[in-house]
Chemist: 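After the structure tokens below, expect a handful of questions from me.
Atoms within a ligand are numbered from 1 in the order they appear, just like the ligands themselves.
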Amino acid sequence: MSKQTLDRILQSQGFGTRKRCQQFIHAGAVTIGGEVVRDERLAIAPEGLEFTLDGEVWTYRKHVYIALHKPANYECSRKPSHHPGVLSLLPDPFRLRDVQPVGRLDHDTTGMLLLSDDGAFIHTQSSPKHHVPKIYIATTHEPVTAGLLELLLSGVQLHDEPAPLAAVHCRMMDEHQLEIILEQGKYHQVKRMLAAAGNHCVALHRAVIGSLTLDSLGLGEGQWCYLDEAQRALLAPAAL
Ligand code: URA
């Protein structure tokens with residue numbers, strides 16, 4: 001990989017304008033290999049670079065791929081109106097490097113949310129052509145019945161959809177809880193499907209995307225982690 005100057009590397013990682021990054025460097029806030037670097041023109045191959053800024057350790061990443069365990073009462077919107085935005089749960093530089101949620105979860109939905117600043121990744125993950133199964137756990141107001149599961153599997157008509165939408169799979173977990181697998185990501189889809197089938201969703205949690213389970217990441221609510229290549233490979237549609 002070609003070399004870049006230190007100020008541009010810091011800028012690419014979301015630490016502010018080039019001028020701001022130069023100020024950090026001149027102030028002695030940046031170290032590489034334990035040494036303070038005060039030369040903003042220092043040319044380095046950024047791949048794998050570890051540095052500290054104000055004592056915090058960072059590794060250069062061309063793009064970031066993040067999984068967040070979204071708590072309730074956070075909005076996925078970039079301009080949240082009623083609740084704090086999910087980006088407020090991440091370090092500041094991520095906002096400046098334009099990290100965005102991949103699709104949306106409702107403000108009251110909990111569970112796995114992907115975020116990235118890689119446009120191609122966001123596009124692939126959110127494209128309806130890319131049939132990534134997502135597993136939701138829905139808590140219902142009325143008891144879960146065999147009839148409800150049958151309806152969800154055979155398809156329910158939502159009023160603004162041209163054709164009925166069906167779950168790929170669904171099963172009862174207990175009297176008021178079911179697991180539902182969807183491949184589409186329509187607006188409020190689980191809640192609207194449950195309502196159209198005569199029940200009401202009182203809580204919703206996304207547990208799995210593709211074959212990547214939230215449990216495997218060991219994240220508490222509000223916590224996040226980087227996804228490595230092997231974990232990202234699990235986000236692909238299941239092999240047929
Ligand atoms: N379906 C919903 O109804 N809400 C979500 O947040 C996700 C899927």
Chemist: Are Tyr226 and Tyr65 close enough that their ring centers fall under 6.0 Å?
Modeler: no

Chemist: Measuring from atom CE of Met193 to atom SG of Cys170, what distance do you get when rounded to the nearest 0.5 angstrom?
Modeler: 8.0 Å

Chemist: Return the minimal non-hydrogen interatomic distance between Phe51 and Gln13, and the atom names on each side.
Modeler: CZ-CG, 4.4 Å

Chemist: Identify the protein atoms, limited to N or O, that lie within less than 3.5 Å of an N or O atom of ligand 1, and list each pair with its distance to 0.1 Å.
Modeler:
unit_1, atom_1, unit_2, atom_2, d
ligand 1, 1 (N), Gln189, N, 3.4
ligand 1, 1 (N), Val190, N, 3.1
ligand 1, 3 (O), His188, O, 3.2
ligand 1, 3 (O), Gln189, N, 3.4
ligand 1, 3 (O), Val190, N, 3.3
ligand 1, 3 (O), Lys191, N, 3.0
ligand 1, 4 (N), Asp106, OD2, 2.7
ligand 1, 6 (O), Asp106, N, 2.8
ligand 1, 6 (O), Asp106, OD2, 3.4
ligand 1, 6 (O), Thr109, OG1, 2.8

Chemist: When rounded to the nearest 0.5 angstrom, what is the spacing between CG in Leu214 and CD in Glu221?
Modeler: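 Here the interatomic distance stands at 9.5 Å.
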
Chemist: So for atom CZ, which belongs to Arg8, do other residues, nucleotides or ligands contribute more than 12 heavy atoms lying within a distance under 6.0 Å?
Modeler: no

Chemist: Taking all heavy atoms of Ala138 and all of Val190, pick out the closest pair and write down the distance.
Modeler: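 Ala138 and Val190 have their closest heavy atoms at CB-CG1, 4.2 Å.
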
